[in-house]
Amino acid sequence: MITVKNVTFRYKGNEETALNEISLTVVNHDFVGIIGTSGAGKSTLAMALNGVIPHEFAGDFYGEVLIDDEDTVDHAAEYFGRKVGEVFQDIDSQMVASVVEDEILFGLENFGIPHEEIGIRLEKVLRELGIEDLRHREIASLSGGQKQKVAIAAILALEPEILVLDEPTGELDPESSQEIFGLLKKLNEEKGITVVIVEQKIKLLCEYVKHLVVLDRGKLQFDGVPREVITHIDTFKRLGINVPPVAELSAMFRADGSYAGDVTLTVEEAEKMVREVLHDSV
Amino acid sequence: MNLLNYVPGDSFLHRLNPITKLAAAFLYGIACILCGNIGMEAAFIVLMIVISASAGLAGRALRLTRNLVILGLFMFVLQLFFVRTGAPLVVVKGFVLITTGGLRSALLLSLRVVATMLPLMILFAITPMNDLCNALVKRAHLPYRYAFIITTAFRFVPLFSTEFHEIQDAQRARGVDFETKNLIRKVQLVAPLCVPLLVSSLEKVNSSAISAQMRGFELRNRTSGYKEYPFHAGDAVVFATLAGMIAVSAVLL
Ligand SMILES: Nc1ncnc2c1ncn2[C@@H]1O[C@H](COP(=O)(O)OP(=O)(O)O)[C@@H](O)[C@H]1O
Ligand SMILES: [Mg+2]
């Protein structure tokens, strides 16, 4: 579990704070989505979750981040690296090896996993992500989706309790994006891994996450279940985030009083709502 | 194509211990430096091309040789006019321009340049950087930190060139024409791109370091590496052969 308490962070040399009095809780087995416009502080927040901030970036840090009651500032940067594994935003520069296999071995070797277990974990994680055939490939020759999977595999091999991903679908086509989300859902449901994902595609977030956080200029705007958060359609519009059309439709019906149910997040739900509304008006 | 990248394969050369490959490249070079016989120096070049061919790298070796010959020619010209020993060979208006000693030493030097550099270049084709560094850490006790810096530097070269082309494309989209033949104009156009390139490179190096750190880089020690790099009979054969080569070169001195 991660507890963020009143965290404020200002990068050295900046006037503005990148995070401003943020408080939030990530419970075990949670699937959290973080959304916000560019520069809202999403990456900064993601990096604060396991101590990269403030350990690796100079600046003013206030408040505290507790990981199972241990404060991130009380330990060396890598202390939480295994428990809270993070896939960073820039996919290319976070790679440390040139071949897939070596990339996955890196963390396992460093953290001193016994050598007889390393081989088992390596094969297991390749299998789980369906990338056995990439094992000996040069990372530079992979597609964006494949690279994301390798980056996830390198973290997953360390068997983290919490997986933080910063815009993993940022440069992927819709199909690969769905695939990544499907994979995360599986990890979340079958292995009980807590997932925190920074993502711009609100439709995917509505479909997959249990808990949605909206950031705006370093401030927490909303924090709740997607169905509730998404009702603030005006705020989303102001922030320039396009809500799914089905949600907007239900908001319109609610506004004119013809519908009193929950916001609809999928086409099926919207269809049901439209039938209801039409039925009532007959 | 890049003449220094790794070419996957399963030949005798590929399967050697990375440390053997590195040492062999240097020992081959030493043999070439010791050798004072023009014919044998040329033979060393041919031999290296033949050895490369056995690993499926004939094309690579020939292209490298061609490039090295250009460097060799440059050395040849310099040496030709600087060495004044031996009988006069070319005399212009009573002034000795080239001597037999000059020609001989120029020829030897240029061949030697090609012969010593070639194995070092071939080394890159048959050895993944990662393996070389890991083997050096495990077997030669090179501190991991240095090994990591070397591999990272090699890995980042193509990344930087991609970055450079992206920045260049962005500029081109704004109407900057990089296709000019005028060298000075070209430098004027490309120089301003170096600042954003440097900034983004530093950012990349930084995020790479953070990712390494969070995956326990600081905790690593010499025994952490999972892969073992044992020496085999083939490695011994290579060392013995090279010792022989050096001995012959030294005798023919
Ligand atoms: N390394 C840094 N140094 C200084 N300022 C930074 C750095 N990284 C981000 N910022 C600033 O902090 C703010 C939040 O950035 P970031 O967390 O990257 O936003 P997001 O991920 O939501 O796009 C931005 O104003 C950005 O310019
Ligand atoms: Mg970001």
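These values consider heavy atoms only, across backbone and side chains, with no hydrogens, waters or symmetry-generated copies. Each chain gets a letter, A, B and so on, in the order its sequence line appears, and its residues count up from 1.
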Pick whichever of [options] has the most heavy-atom pairs under 4.5 Å with chain B.
options	value
A/V87, A/D102, A/V99	A/D102
A/G112, A/G85, A/G119	A/G119
A/S93, A/G81, A/G51	A/S93

Is [X] salt-bridged to [Y], going by a charged N under 4.0 Å from an acidic O?
X	Y	value
B/K204	A/D90	yes
A/E101	B/K227	yes
B/R215	A/E109	no

Tell me, yes or no, whether the heavy-atom count around [X] atom [atom1], taken from other residues, nucleotides or ligands under 6.0 Å, exceeds 12.
X	atom1	value
B/R145	CZ	no
B/F74	CZ	no
B/F231	CZ	yes
B/F239	CZ	yes
B/Q188	CD	yes
A/R137	CZ	yes
B/I184	CD1	no
A/E70	CD	yes

Nearest-0.5 Å distance that lies between atom [atom1] in [X] and atom [atom2] in [Y]:
X	Y	atom1	atom2	result
B/S224	A/F106	OG	CZ	10.0 Å
B/F217	A/F111	CZ	CZ	12.5 Å
A/Q94	B/I210	CD	CD1	11.0 Å
A/E117	B/Y226	CD	OH	11.0 Å
A/M95	B/S207	CE	OG	11.5 Å

For [X], is it the side chain, the backbone, both, or neither that has a heavy atom closer than 4.5 Å to a heavy atom of chain B?
X	result
A/F88	side chain
A/Y79	neither
A/A77	both
A/I155	side chain

Checklist entry - Which atom pair, heavy atoms only, marks the closest approach of B/A212 to A/V96? => result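 It is CB-CG1, 3.9 Å.
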
Next on the checklist: Just so I know, are the side chains of A/E56 and B/Q213 near enough to count as touching, which here means a heavy-atom distance under 4.5 Å?
Outcome noted: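 Yes, at least one pair of side-chain atoms sits under 4.5 Å.
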
Checklist entry - Do A/S98 and B/T151 have side-chain heavy atoms sitting under 4.5 Å apart? => result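 With C-beta onward as the side chain, the pair stays apart.
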
Item to check | Which atoms of B/N221 approach chain A - backbone, side chain, both or neither, heavy atom under 4.5 Å | outcome: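 Neither part.
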
Checklist entry - Side chains of A/N110 and B/R220: donor-acceptor distance under 3.5 Å anywhere? => result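 There is such a pair between these side chains.
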
